[in-house]
Protein chains: 2
Amino acid sequence: MNKLKPRGENAATAVDVTDLILNDIQTGVLAPGSWLKQIDLERRYQCTRPEVRRALDRLAQRRLVEHVPNRGYHVFEPDGRQAAEISEIRVLLETGVADKVVANASSLDIQALRSLASRFDRMILEGTPIQLYEANLTFHHRLLSLCGNEELVNLVTEIRQRTSSAPVAQWKTRARIEQSSREHHEMIDAIAAGDAAALRDAITRHIRQN
Amino acid sequence: MNKLKPRGENAATAVDVTDLILNDIQTGVLAPGSWLKQIDLERRYQCTRPEVRRALDRLAQRRLVEHVPNRGYHVFEPDGRQAAEISEIRVLLETGVADKVVANASSLDIQALRSLASRFDRMILEGTPIQLYEANLTFHHRLLSLCGNEELVNLVTEIRQRTSSAPVAQWKTRARIEQSSREHHEMIDAIAAGDAAALRDAITRHIRQN
DNA sequence: TTATCATAAATTGGCGCCAATTTTAGTACC
DNA sequence: GGTACTAAAATTGGCGCCAATTTATGATAA
C-alpha cells in the first residue's frame with residue numbers, strides 16, 4: 001500500500017499559487033495597476049477559487065496588491081514617496097551591517113561573490129531580463145548573508161519586493177545596468193580591502209539610484 | 001429604505017478577527033506555544049470558521065503563529081537568537097533616523113513626547129500592565145514618527161510585534177520598568193538638546209536590554 | 001443625438017458541508 | 001502490568017454554491 005503523498009507532496013507540486021502570482025508581478029507579466037480577476041487567475045494557474053483568494057489576501061498583506069472591497073484586487077503601484085522611503089530603509093539596514101559583512105567575509109566568500117557578480121555581467125549580454133534580475137538578487141542575497149543576521153536578510157528580501165512593482169524593468173538603460181555591475185565589483189573590492197566605509201558608500205549609491 | 005451598512009459597516013463592527021487574536025497574543029491571554037483550535041476561536045470571537053482561518057493564515061504570514069499542516073496553528077515562541085536579531089534590526093532602524101528625528105522635532109513635538117512619557121510613568125503606578133504596554137507603544141510611535149519616513153514607522157511597528165510573544169510580560173522587574181521610564185526622558189532630553197549622538201545611545205540601550 | 005435610468009451580466013465574497021488526517025480511547029495480546 | 005493494534009472521535013482543510021455588490025448594456029425620453 002504505497003502512499004502517493006508521503007507528507008508534503010512532491011516538491012514540484014508544493015509551490016504555492018501565491019509564489020506564482022508574485023513571480024508574475026515581479027517579472028512584469030502582471031502589470032502595475034492592472035486588476036487581478038479571480039476567474040482569470042483561477043484558469044491561468046489551474047487552481048481553485050479559494051486558493052486564488054488566499055493568495056490574493058496574502059499578497060495584499062504584503063502590500064504587493066491592493067484590495068478594494070467589492071471591487072477586487074489590483075497590482076500595487078508605489079508612489080514616488082513610498083519608493084524613496086523604502087530605499088532609505090534598505091540603505092539603513094544594508095549599510096548598518098557593512099562592518100559585520102566585512103568582518104565575517106572569508107576569502108572563500110569573496111571568491112563566491114566575484115563569481116556571482118560575473119554571472120550578473122554575463123547575463124547582461126546573454127541572459128533574459130528575468131535571468132539578469134535573478135542573478136542580481138542572488139548576488140545581493142549572498143552578500144548580505146555575510147552579516148550573520150538571518151532575520152535581517154529575510155526582512156530585506158521582503159521589502160525589496162515592495163520597492164518597485166515590476167523590478168525587472170527597474171534598469172531603464174544599458175548604462176544604468178553597467179553602472180550596477182561596476183558597483184557590485186566595487187562592493188567586493190571594499191570587502192576584500194576590509195574597508196567598511198567604502199562598502200557603505202557603494203551600497204548607498206547602489207540603492208539610491210535604482 | 002435606509003441602508004444599514006452605508007459602505008464599510010460602522011467602525012465598531014469593522015475590526016477584524018485578526019486584530020482580536022493578535023491583541024490576545026500580545027496581552028498574553030493566548031500563551032506562547034499554546035494551540036489555537038479553530039472551534040475555540042470561532043466561539044470565543046463569535047465568528048465563522050472561514051474568518052478564523054483567514055485570521056490564522058494572516059498571523060502565520062506575519063510569523064506570530066506557526067502553522068503545522070494537518071495539526072493546526074500555535075502561538076509562535078521566538079528563540080533567543082531570533083529575538084536578538086530582531087532587536088538589532090530595530091537598533092539599526094531607530095538609531096539610523098535619530099538625526100532626522102532631532103532635526104524635525106518642534107518644541108510642540110517635544111512637549112507632546114514629555115506628556116506621553118509622563119503618561120507611561122503614571123501607568124506604572126495606576127495602570128494595568130496592558131495600559132502600560134500601550135502607553136509605551138504610543139510614546140515610541142510618536143517619537144519615531146518624527147523621522148518623516150512613514151514606511152519605516154510602519155515597518156518598525158510590525159517587527160516590534162515579532163520581538164516577544166507576550167510583550168506585556170517583557171518588563172520582568174519593577175526596576176526594569178523604571179529604567180525604561182528614565183530612558184524615555186533621556187531620549188526627550190537628547191532631542192531637546194539637539195544631540196543626535198546621545199539620542200542614538202539612549203535608543204540603543206533601551207532596545208538592547210529589553 | 002445625448003443623458004439618464006432600468007435591467008441584465010459578471011464579479012466578488014461569505015458560508016456550510018464533507019473528505020482527509022490526526023489524536024484519543026479502548027481492547028486484546030504478549 | 002505494559003505494549004501494540006484497532007476503532008472511534010475530533011480537528012483540520014478543501015471545495016462549491018449562492019447572495020450581495022458592482023459594472024456593462026440597452027432602451028427610453030428630453
Side-chain angles (χ1 to χ4, degrees), chain A residues 1-22 24-25 30-31 33-76, chain B residues 1-22 24-25 30-31 33-76:
Chain A
M1 210 182 284
N2 52 356
K3 301 182 72 177
L4 286 174
K5 297 179 180 179
R7 182 148 275 262
E9 299 199 354
N10 50 62
T13 321
V15 292
D16 188 17
V17 201
T18 313
D19 298 323
L20 267 50
I21 300 177
L22 171 63
D24 281 348
I25 292 175
L30 298 172
S34 64
W35 287 92
L36 302 174
K37 299 209 170 113
Q38 296 182 6
I39 289 190
D40 294 344
L41 301 174
E42 196 174 342
R43 282 200 272 257
R44 173 181 248 274
Y45 303 105
Q46 288 293 314
C47 60
T48 65
R49 180 63 61 94
E51 279 180 300
V52 169
R53 279 224 286 210
R54 186 157 54 98
L56 288 173
D57 185 67
R58 286 180 176 176
L59 293 171
Q61 293 295 309
R62 292 161 70 177
R63 310 225 337 235
L64 275 146
V65 303
E66 199 171 18
H67 176 56
V68 184
N70 291 321
R71 290 277 314 268
Y73 300 80
H74 62 91
V75 181
F76 185 69
Chain B
M1 213 180 277
N2 52 353
K3 299 182 74 177
L4 287 174
K5 298 179 180 180
R7 182 147 275 260
E9 299 199 353
N10 49 63
T13 322
V15 292
D16 189 17
V17 200
T18 313
D19 298 324
L20 266 51
I21 300 177
L22 171 63
D24 281 348
I25 291 175
L30 299 172
S34 64
W35 288 92
L36 302 174
K37 299 209 169 107
Q38 296 182 8
I39 289 191
D40 294 343
L41 302 175
E42 196 174 342
R43 283 200 272 257
R44 174 182 248 274
Y45 304 104
Q46 289 293 316
C47 60
T48 64
R49 180 64 59 95
E51 278 180 301
V52 169
R53 277 230 294 247
R54 186 159 53 99
L56 288 173
D57 185 67
R58 285 180 176 177
L59 292 171
Q61 294 294 310
R62 292 161 69 177
R63 309 225 337 237
L64 275 146
V65 302
E66 199 171 18
H67 176 56
V68 184
N70 292 321
R71 290 275 315 269
Y73 300 80
H74 62 90
V75 181
F76 185 71

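Numbered from 1 within each chain, the chains take letters A, B, ... in sequence-line order.
- Between the CD atom of B/Gln46 and the P atom of C/dC15 there is a distance of 13 Å, rounded to whole Å.
- Checked by atom type and distance alone, the side chain of A/Glu66 never pairs as donor or acceptor with a backbone atom of A/Arg63 at under 3.5 Å.
- Looking at the side chain of A/Lys37, the nearest of the listed nucleotides D/dT11, C/dT12, C/dT21 is C/dT12.
- Atom CG in A/Leu41 sits about 12 Å away from atom P in C/dT11, given to the nearest Å.
- Among the protein residues, B/Leu56 comes within range of no part of the nucleic acid, since none of its heavy atoms lies under 4.0 Å from any strand.
- Residues B/Glu51 and B/Thr18 are not in side-chain contact: their nearest non-hydrogen atoms beyond the backbone lie 4.5 Å or more apart.
- The separation between B/Asn70 atom CG and D/dT11 atom P is 15 Å, rounded to whole Å.
- Here the side chain of A/Tyr73 is nearest to one of C/dC15, C/dG13, D/dT11, namely C/dG13.
- Candidate nucleotides D/dG16, D/dT12, C/dT11 were compared by shortest atom distance to the side chain of A/Pro50, and D/dG16 ranks first.
- One interatomic measurement links the two molecules: CG of B/Asp57 to P of D/dG13, which rounds to 10 Å at whole-angstrom precision.
- Separating the CZ atom of A/Arg49 from the C1' atom of C/dG13 is a distance of 9 Å, rounded to the nearest angstrom.
- In this structure, A/His67 reaches the C/dG13 phosphate: one of its side-chain N or O atoms is under 4.0 Å from OP1 or OP2.
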Could you go through B/Asp24 and B/Tyr45, starting from their C-alpha distance and side-chain angles, then the distance that decides it, and tell me whether this counts as side-chain hydrogen bond (donor to acceptor under 3.5 Å, both in side chains)? CA-CA 11 Å; B/Asp24 281 348; B/Tyr45 304 104; 2.7 Å; yes

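- Side-chain contact between B/Trp35 and B/Val68 is present, with at least one heavy-atom pair separated by less than 4.5 Å.
- A donor-acceptor contact under 3.5 angstrom links the side-chain atoms of A/Arg53 to the base of C/dG13.
- Between B/Arg71 and C/dT23 there is a side-chain polar atom (N or O) within less than 4.0 angstrom of OP1 or OP2.
- Atoms CD1 (A/Ile39) and P (C/dG13) sit 13 Å apart, rounded to a whole Å.
- Distance, B/Gln38 CD to C/dT21 P: 17 Å, rounded to whole Å.
- The phosphate of C/dC15 has OP1 or OP2 within less than 4.0 Å of a side-chain N or O from B/Thr48.
- Look at NE2 on A/His74: it is 15 Å from P on D/dT22, rounded to the nearest Å.
- Position along DNA chain D of the nearest nucleotide to B/Val68 versus A/Pro69 favours B/Val68 as the more 5'-ward residue.
- With contacts defined as side-chain heavy-atom distances shorter than 4.5 Å, the pair B/Phe76/B/Leu64 does not qualify.
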